[in-house]
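Here the structure comes first, spelled out in structure tokens, and everything after it is commentary.
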Amino acid sequence: MATNNEDQFKKVVAHAKEYGFIFPSSEIYDGLAAVYDYGQLGTELKNNIKQYWWRAMVQYHENIVGIDSAIFMHPRIWKASGHVDAFNDPLIDNRDSKKRYRADVLIEEHIAKIEDKIEKECEKARKRFGEAFDRQQFVSTNARVLEHQKQIDEIKERYGRCMNDNDLTGLKQLILDLGIVCPISGTRNWTDVRQFNLMFATRMGSVIDDSDTLYLRPETAQGIFVNFLNVQKSGRMKVPFGIAQIGKAFRNEIVARQFIFRMREFEQMEMQFFVRPGTELEWFKYWKEERLKWHLSLGLPADSFRYHDHEKLAHYANAATDIEFRFPFGFKELEGVHSRTDFDLSRHSEFSGKKLQYYDAELGEAYTPYVIETSIGVDRTFLAIFSHALKEEQLEDGSTRTVLNLPPMLAPYKAAVLPLVKKDGLPEKARSIVDMLKYDYMVQYDEKDAIGRRYRRQDAIGTPFCITVDNDTLQDDTVTVRLRDTMQQERVATANLQQFLSDHLRPKVQ
Ligand code: GAP
């Protein structure tokens, strides 16, 4: 399912809805743009993803602890963090279609189109030269490719300058010079580019006054920074140490699309790791590698990931990378790893008047720790796992089966218990197995329809094991366990089922 294919992506969205994973929010009122609800199975999968991350970060690291800070925070926090003044996207409207776009995205999509042209040239040459094709040599010598690359470099240079200098007139001029048209109206009738702040504002209390304006947090990270001293002191934490948090974040995205990839209400899993100044780049390297290992531990293929190191850094960062995943619509950011220096703690010290420092007994000095941040979206992780897992397989008998090849430990149901027939005491035996397993695992009982159809239903929701109770079960107390991925079956003693499941479901995180 992991190809650049619109039809396959539509299947992902349809499957998520049909089987109770994800529904459009407020659907009976025609939905709410870029907001989604997780259904009965989606909630299980999402909770399992969060738990898998929490264990890997908090449970397996003795120097990382987790918190749950409030969504509402003092409004000065967002002034200190820079979000009030600079958490903006440049937007532009097309006067004919009345559609709104992100100016930076229009330019990036234009660049991507030229990159596609380079890919097409490479594809043609690969076919022509076969085995002898050397991509590196081809892209550094072919005249057409070089011309495309020159165009890309020039656009990136101009674009980077405009973004850095906050030059909105320059951005509009670039869009005009590149001849970018609105995909709906096909015209170049663009408005000026304006900055648009992405934070949602609301009010607290009953008095209408500016001082009551609160923001729905656009990231969970600030809740960690402002609790730095509370956690460090109450937990007697020694640098280096980390604080992790999972929670909702809100952004008034201008262009929200691609299903749960870019939402206006979403969830983040963030960790801020506080280190001695001067050691931050070593820790940055450590966390960059560690986080990729986590993704790979889910069984996702290595060639579906790549790092995108930031060339242009935010003014407070001294290193940053995105871990990108090959979504059905191409490689896109899944997680960010950032070396944020002492920017956040220093700004909060300045704005709050409270000294946010750490006394390092080994060095005999106090300092403001530097921070490495790992920041990943729960929903994007869900989409990566789900879209990669959804497969249509051709079977030997000519039929096809839809299977959701989820990592077993993340599957909504770990096992389904199925009496072969609805009589002869088999349902009662099956229910007793459900009762034995349900305190440790999510298990589902299903007696409706022929066994083959029941297997297919479980395949489609990603249940890794089907436990079938038949007449032999009543004689020798064994059951058939069918494995989702291979469809192979083995006979297991009922008394060993718990051990069987625990052996197969143990997480592989190092
Ligand atoms: N504290 C740093 C921070 O928030 P970010 O790159 O803006 O960094 C981190 O966001 C991660 O949050 C992204 O890599 C992505 O997985 C997720 N994310 C950001 N905006 C999102 C949105 N509108 N919808 C879904 N996920 C989003």
Side-chain angles (χ1 to χ4, degrees), residues 22 25 32-38 46 49-50 53 69 71 73 77-78 80-83 86-89 102 104-105 196-200 215-226 228 242-273 284 287-288 291-292 294-295 305-310 312-314 316-317 319-327 329 331-341 343-345 347-348 371-387:
I22 297 172
S25 159
L32 187 63
V35 186
Y36 289 90
D37 295 340
Y38 284 81
K46 192 181 186 203
I49 291 171
K50 290 193 275 185
W53 181 88
S69 69
I71 288 173
M73 301 206 283
I77 286 174
W78 304 111
S81 67
H83 284 83
F87 194 53
N88 300 322
D89 276 343
R102 266 174 63 175
D104 54 334
V105 171
F196 177 79
N197 193 286
L198 297 185
M199 285 198 295
F200 284 101
Y215 298 100
L216 297 188
R217 65 180 180 198
E219 60 171 20
T220 61
Q222 298 305 322
I224 294 178
F225 290 123
V226 298
F228 164 74
I243 306 179
Q245 159 149 253
I246 299 178
K248 288 269 183 164
F250 305 83
R251 295 184 189 177
N252 197 1
E253 299 282 0
I254 302 169
V255 185
R257 53 179 177 178
Q258 285 158 332
F259 194 34
I260 55 169
F261 180 80
R262 196 177 300 287
M263 302 157 88
R264 297 204 165 101
E265 173 180 341
F266 58 101
E267 225 170 334
Q268 288 186 316
M269 306 187 279
E270 299 202 293
M271 193 274 302
Q272 312 295 323
F273 198 71
F284 172 72
W287 280 111
K288 189 174 152 175
R291 290 304 305 147
L292 184 57
W294 182 84
H295 291 283
F305 291 93
R306 69 180 188 197
Y307 289 120
H308 170 225
D309 292 328
H310 293 203
K312 298 232 164 4
L313 294 167
Y316 53 78
T321 197
D322 294 337
I323 298 177
E324 294 187 338
F325 179 76
R326 197 205 311 251
F327 286 97
F329 37 83
F331 269 105
K332 296 269 183 230
E333 175 186 342
L334 173 57
E335 170 156 15
V337 182
H338 313 123
S339 174
R340 299 180 68 120
T341 67
F343 174 79
D344 303 87
L345 289 182
R347 292 278 290 187
H348 287 305
V371 171
I372 307 301
E373 164 182 77
T374 71
S375 175
I376 178 171
V378 178
D379 315 270
R380 276 191 201 177
T381 311
F382 188 113
L383 183 59
I385 293 168
F386 192 87
S387 59

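Atoms within a ligand are numbered from 1 in the order they appear, just like the ligands themselves.
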query: Going by atom types only, do Asp379 and Tyr36 share a side-chain donor-acceptor pair under 3.5 Å?
result: no

task: Give the intermediate values and the outcome of side-chain hydrogen bond (donor to acceptor under 3.5 Å, both in side chains) for residues His295 and Glu335.
output: CA-CA 10 Å; His295 291 283; Glu335 170 156 15; 2.8 Å; yes

message: Which residue and atom name correspond to the protein heavy atom nearest atom 15 (C) of ligand 1, and how close is it?
response: Arg380 NH1, 3.5 Å

- prompt: Does some side-chain heavy atom of Lys288 sit less than 4.5 Å from a side-chain heavy atom of Asp309?
  reply: yes

query: In terms of atom number and element, which parts of ligand 1 are under 4.0 angstrom from non-hydrogen atoms of Glu270?
result: 1 (N), 2 (C), 3 (C), 4 (O)

field: Within reach of ligand 1, part of Arg264 (heavy-atom separation under 4.0 Å)
entry: neither

Top protein contact for atom 25 (C) of ligand 1, by heavy-atom distance: Phe261 O, 3.2 Å

query: Under 4.0 Å from any heavy atom of Glu373, which atoms of ligand 1 are there?
result: 1 (N), 2 (C)

- prompt: How about Arg347 and Ser81: do any of their side-chain heavy atoms sit closer than 4.5 Å?
  reply: no

field: atom 10 (O) of ligand 1: nearest protein contact (heavy atom, Å)
entry: Gln268 NE2, 3.4 Å

- request: State yes or no: are the ring centers of Phe382 and Tyr38 separated by less than 6.0 Å?
  value: yes

query: Which residue owns the protein heavy atom closest to atom 26 (N) of ligand 1, what's the atom, and how far is it?
result: Phe266 CD1, 3.5 Å

field: Plane angle bin for His310 and His308 - parallel if under 30°, tilted between 30 and 60°, otherwise perpendicular
entry: tilted

- prompt: Who gets closest to atom 7 (O) of ligand 1 by heavy atom: Gln272, Glu219, Arg251?
  reply: Arg251

- request: Return the residue, atom name and 0.1 Å-rounded distance of the protein heavy atom closest to atom 9 (C) of ligand 1.
  value: Ser375 OG, 3.0 Å

message: So, applying ring-ring contact (aromatic ring centres under 6.0 Å, His included) with Phe261, which one of Phe329, Phe266, Phe325 is it?
response: Phe329

task: Show which atoms of ligand 1 fall inside a sub-4.0 Å distance from at least one heavy-atom site of Glu333.
output: 6 (O), 13 (C), 14 (O)

field: ligand 1-proximal atoms of Leu334, by part, heavy-atom distance under 4.0 Å
entry: backbone

- request: Report the C-alpha distance between Glu373 and Gln272 in whole Å, list the side-chain angles of each, state the deciding distance to 0.1 Å, and finish with yes or no for side-chain hydrogen bond (donor to acceptor under 3.5 Å, both in side chains).
  value: CA-CA 5 Å; Glu373 164 182 77; Gln272 312 295 323; 2.9 Å; yes

- request: Note the single closest protein heavy atom to atom 24 (N) of ligand 1, along with its residue, its atom name and the distance in Å.
  value: Met263 N, 2.9 Å

